[in-house]
*Asks:* 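I have a structure here, written as structure tokens, and I will follow up with some questions on it.
Just so we're on the same page: letters track the sequence lines, and every chain starts at 1. In this text the structure is predicted, and so the values were computed from the model without any measurement.
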Number of protein chains: 2
Amino acid sequence: MKKHNRSRPRKPNRITAEDVAREIGVSVMTVSRVLNKKANVAEGTREKVLHTAMRLGYVPNRIAQSLVTRKSFTIGVIVPEISHSFFPDVIRGIEEVVYTTRYNLLFIHSAEDQKREEAAIQTLEENQVDGILISMAQTVKKYTIYRRVVESGKHIVFYDRCARRLGMSCVSIDDIETARQLTGHLIQHGYKEIAHLSGSLKVSIGRDRLKGYQKALIEHNIAMNDELIVESGFHEMGGYNAMKVLLESSKKKIPRAVLAVNDPAAFGAMQAILDMGYRIPEDIAIVGFSNDVRSAFAPTPLTTVNQQPYDIGRKAAQKLLRHIDNPDEPVEHIIVNTEHIIRRSCGCP
Amino acid sequence: MKKHNRSRPRKPNRITAEDVAREIGVSVMTVSRVLNKKANVAEGTREKVLHTAMRLGYVPNRIAQSLVTRKSFTIGVIVPEISHSFFPDVIRGIEEVVYTTRYNLLFIHSAEDQKREEAAIQTLEENQVDGILISMAQTVKKYTIYRRVVESGKHIVFYDRCARRLGMSCVSIDDIETARQLTGHLIQHGYKEIAHLSGSLKVSIGRDRLKGYQKALIEHNIAMNDELIVESGFHEMGGYNAMKVLLESSKKKIPRAVLAVNDPAAFGAMQAILDMGYRIPEDIAIVGFSNDVRSAFAPTPLTTVNQQPYDIGRKAAQKLLRHIDNPDEPVEHIIVNTEHIIRRSCGCP
DNA sequence: TTGTACGCGTTATCAA
DNA sequence: TTGATAACGCGTACAA
């Protein structure tokens with residue numbers, strides 16, 4: 001029997017299962033069986049294989065393995081943003097779950113860009129990932145691409161930013177409910193003129209937090225005043241400008257409290273409040289949303305809400321793995337509880 | 001001609017190059033050639049292939065591709081920590097470079113654990129990554145595993161935490177030089193009794209920053225006083241305790257300024273200084289290291305240094321890609337410039 | 001318990 | 001310009 005001819009040189013001289021097999025005069029299959037912990041293999045050969053695999057420094061080639069098993073043991077993660085602490089914490093949660101399994105993480109940053117997100121999804125498909133964890137870029141309008149992926153038999157779990165009415169699992173907080181609770185907290189302080197600095201209403205977060213705000217007012221029979229709702233967007237500058245508008249336009253009556261759509265907007269608003277000579281929370285109370293690292297260090301520490309990014313990551317990863325392992329795993333919208341972080345800016349001592 | 005028999009059902013019915021080829025009565029090779037933009041293919045067939053590939057929703061299988069080309073177009077990234085802002089920013093830098101190429105990122109978190117780091121490296125090898133970007137876990141002592149990887153023909157570039165004298169490329173700041181400059185800044189304020197809260201001297205960062213501190217003192221002919229060097233470790237609590245030791249032990253003479261090994265240690269120390277009734281910077285000036293997000297919001301804003309994590313990530317990725325593309329790319333220790341962030345804690349106005 | 005043949009989806013090689 | 005064939009390294013199915 002003529003030995004396999006190794007005429008063509010290989011780039012790095014990687015050890016294959018065949019090398020191990022040849023070394024001890026056994027077939028590749030036996031090596032494969034040992035390394036995959038199949039039962040039907042003699043104890044003696046098992047040890048011999050294990051030993052020489054170790055000695056030769058054999059590293060199984062997952063790529064070849066994936067090709068034949070049609071399973072990559074890889075899950076793709078698409079993240080729209082990495083700068084702030086939220087998504088890194090989500091990633092940490094995902095990692096801690098995935099770490100305990102055989103799966104690996106293919107990581108792509110969409111940078112809040114629909115085009116990049118689409119390219120990312122395509123890349124993940126090309127790499128035959130077993131599932132995808134995705135938080136939508138804010139500019140995304142069309143859901144067709146997600147459908148296409150699912151129809152091709154790939155699992156998707158959304159985290160934080162969900163595409164609704166799409167029949168896919170999703171893990172997020174309940175923005176409406178959380179905004180309702182925060183507003184309720186302000187109302188319990190006795191405040192009645194409560195303003196809302198809303199995010200863009202083109203984004204579900206913006207819409208939902210506004211809804212929660214309105215819901216709380218209605219529940220407490222407080223008359224809605226459209227002048228008290230100003231679109232600030234999600235950043236400091238917008239918060240600053242929106243707050244100025246509030247303080248200047250309604251000269252007769254400034255709001256007694258403010259629900260900002262998130263902490264950055266709240267920071268901007270706080271600056272505007274101070275610049276206009278008002279005190280926080282004595283003249284105007286304010287609460288934020290998202291537990292920005294800076295919120296504890298603001299001149300008046302900001303009351304806000306922790307969105308539990310770590311938990312979101314963990315639960316999303318767990319759900320995806322369950323979808324992969326079990327075709328009958330039900331589609332679910334998992335709500336992660338938020339944690340209110342009460343500081344001085346709302347008027348609490 | 002009998003159609004290929006698809007008797008065995010395939011999991012998700014993925015479209016392959018063969019499907020595209022059969023559709024227009026051409027060979028798989030032609031399809032392959034078109035999709036790889038090879039020159040020698042008739043314009044007519046090229047268009048037909050491209051068109052039906054699109055129509056059928058063909059997605060090339062990178063795994064099969066990798067198997068035959070022995071190139072995965074994947075680079076592995078090992079990160080020791082994700083909680084603080086430094087590493088996420090590094091990742092962002094890596095991503096922005098890699099995004100412009102065909103490469104993908106396989107991401108693993110070592111959680112500062114040597115065992116996990118070793119497992120991570122093994123996983124990356126199994127997945128046939130073309131190169132590895134790694135920041136060593138702090139507990140790592142043995143470099144043998146890195147050598148093993150390189151000998152197997154895989155490229156490694158270290159970032160931030162480098163294994164020296166190992167003949168591998170590395171991208172980091174110059175800790176000695178930066179600590180020297182920071183200490184020099186304190187000296188220029190006229191301070192003479194300058195203490196150093198050092199990190200663990202088992203870690204190169206700890207050793208180097210101490211060296212830079214000593215270098216600056218020597219350059220300015222300031223006598224070294226071992227009592228002024230206290231090991232605080234890298235966290236708030238250690239900084240607090242170390243500072244207390246400094247303020248209590250040397251009762252006769254408290255230090256006029258402090259170089260903390262990093263910002264968290266500085267925060268702890270600042271608390272201790274305030275608790276003991278001293279003022280910052282009037283009684284004791286202090287500088288940190290690493291530009292923690294909180295540093296701008298401390299009661300006395302902290303003078304510190306930005307380690308340019310984004311730049312580190314970018315340059316590390318660029319260097320690795322060059323190593324991969326060019327076997328003759330020289331091994332290099334690339335120094336990223338730091339940026340001094342002057343605030344009030346050092347005594348500057 | 002072990003081995004043989006074959007295929008996973010693609011590219012390299014050589015021939016047509 | 002195109003196609004047939006043989007890998008790439010491994011697992012599945014079946015035979016020995």
*Asks:* Output the rounded distance in Å from CG (A:Asn36) to P (D:dA13).
*Replies:*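 Roughly 14 Å, once rounded to whole Å.
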*Asks:* Identify whether any heavy atom of B:Val26 sits under 4.0 Å from a base atom; if not, whether one sits that close to sugar-phosphate; answer base, sugar-phosphate or nothing.
*Replies:*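 Sugar-phosphate, backbone atoms only, no base.
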*Asks:* Can you confirm if the NZ or CZ of B:Arg116 lies within 45° of the ring axis of A:Tyr99 and under 6.0 Å from the centre of its six-membered ring?
*Replies:*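 The answer is yes; both the distance and angle limits are met.
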*Asks:* Which parts of residues 37-63 of chain A get close to DNA chain C, meaning a heavy atom less than 4.0 angstrom away?
*Replies:*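 Only A:Asn40, A:Val41, A:Ala42, A:Thr45 qualify.
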*Asks:* Has B:Arg70 got a side-chain N or O lying under 4.0 Å from the OP1 or OP2 atom of D:dG9?
*Replies:*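 Yes, B:Arg70 has a side-chain N/O under 4.0 Å of OP1/OP2 on D:dG9.
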*Asks:* Quick one: which of C:dT10, D:dC10, D:dG11 gets closest to the side chain of B:Ala17?
*Replies:* C:dT10
*Asks:* Look at the side chain of A:Gln65 and decide which nucleotide, out of C:dC8, C:dT10, D:dG11, has an atom nearest to it.
*Replies:*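 Of all the options, the side chain of A:Gln65 is nearest to D:dG11.
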*Asks:* Would you mind reading off the distance between B:Glu126 atom CD and D:dG9 atom C1', rounded to a whole angstrom?
*Replies:* 14 Å
*Asks:* Looking only at the side chain of B:Met29 (C-beta and beyond, no hydrogens), which of the listed nucleotides D:dG9, C:dG9, D:dA4 gets closest?
*Replies:*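 Shortest atom-to-atom distance from the side chain points to D:dA4.
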*Asks:* Salt bridge between A:Glu18 and A:Arg22, side-chain N to carboxylate O under 4.0 Å?
*Replies:* yes
*Asks:* Is the shortest side-chain N/O distance from B:Thr69 to OP1 or OP2 of C:dT11 below 4.0 Å?
*Replies:*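 For B:Thr69, the contact criterion (side-chain N or O under 4.0 Å from OP1 or OP2 of C:dT11) is not met.
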*Asks:* State, to the nearest 10°, the angle formed by the axis through the first five base pairs of the helix from C:dT1-D:dA16 to C:dA16-D:dT1 and the axis through its last five.
*Replies:* 40°
*Asks:* Is the closest basic N to carboxylate O distance between B:Lys319 and B:Glu332 below 4.0 Å?
*Replies:*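 A salt bridge links B:Lys319 with B:Glu332.
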*Asks:* Is a donor from one side chain sitting under 3.5 angstrom from an acceptor on the other, for A:Glu118 and A:Gln122?
*Replies:* no
*Asks:* In Å, rounded to the nearest 0.5 Å, how long is the span from CZ of A:Arg55 to OG1 of A:Thr52?
*Replies:* 6.0 Å
*Asks:* Rounding to a whole Å, what distance do you find between B:Arg33:CZ and D:dA4:C1'?
*Replies:*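 From B:Arg33 CZ to D:dA4 C1': 11 Å.
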*Asks:* Does the distance from a Lys or Arg side-chain N to an Asp or Glu carboxylate O, for A:Glu81 and B:Arg92, drop under 4.0 Å?
*Replies:* no
*Asks:* Nearest heavy-atom pair of A:Ala42 and A:Thr45: which atoms, and what distance?
*Replies:*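 Looks like O-OG1, 2.8 Å.
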*Asks:* What's the CD-P distance between B:Glu125 and D:dG9, to the nearest Å?
*Replies:* 15 Å
*Asks:* Please report, rounded to the nearest Å, how far the C1' atom of D:dG9 is from the CG atom of A:Asp19.
*Replies:* 10 Å
*Asks:* Is it true that atom NE2 of B:His333 has more than 12 heavy atoms of other residues, nucleotides or ligands lying nearer than 6.0 Å?
*Replies:* yes
*Asks:* Given C:dT10, D:dG9, D:dT2, which nucleotide is nearest the side-chain atoms of B:Thr30?
*Replies:*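 The answer is D:dT2, which lies nearest to the side chain.
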*Asks:* Could you point out which residue of A:Lys71, A:Lys154, A:His323 forms a side-chain hydrogen bond (donor to acceptor under 3.5 Å, both in side chains) with A:Asp130?
*Replies:* A:Lys71
*Asks:* Given atom CG of A:Leu35 and atom C1' of D:dG9, what is their separation to the nearest angstrom?
*Replies:*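 Distance, rounded to whole Å: 13 Å.
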*Asks:* CG of B:Asn127 versus C1' of D:dG9: gap in Å, rounded?
*Replies:*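 Rounded to the whole Å, the gap is 14 Å.
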*Asks:* When you get a sec, tell me which of D:dG11, C:dG3, C:dT11 is the closest nucleotide to the side chain of B:Val68?
*Replies:*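 Minimum distance to the B:Val68 side chain belongs to C:dT11.
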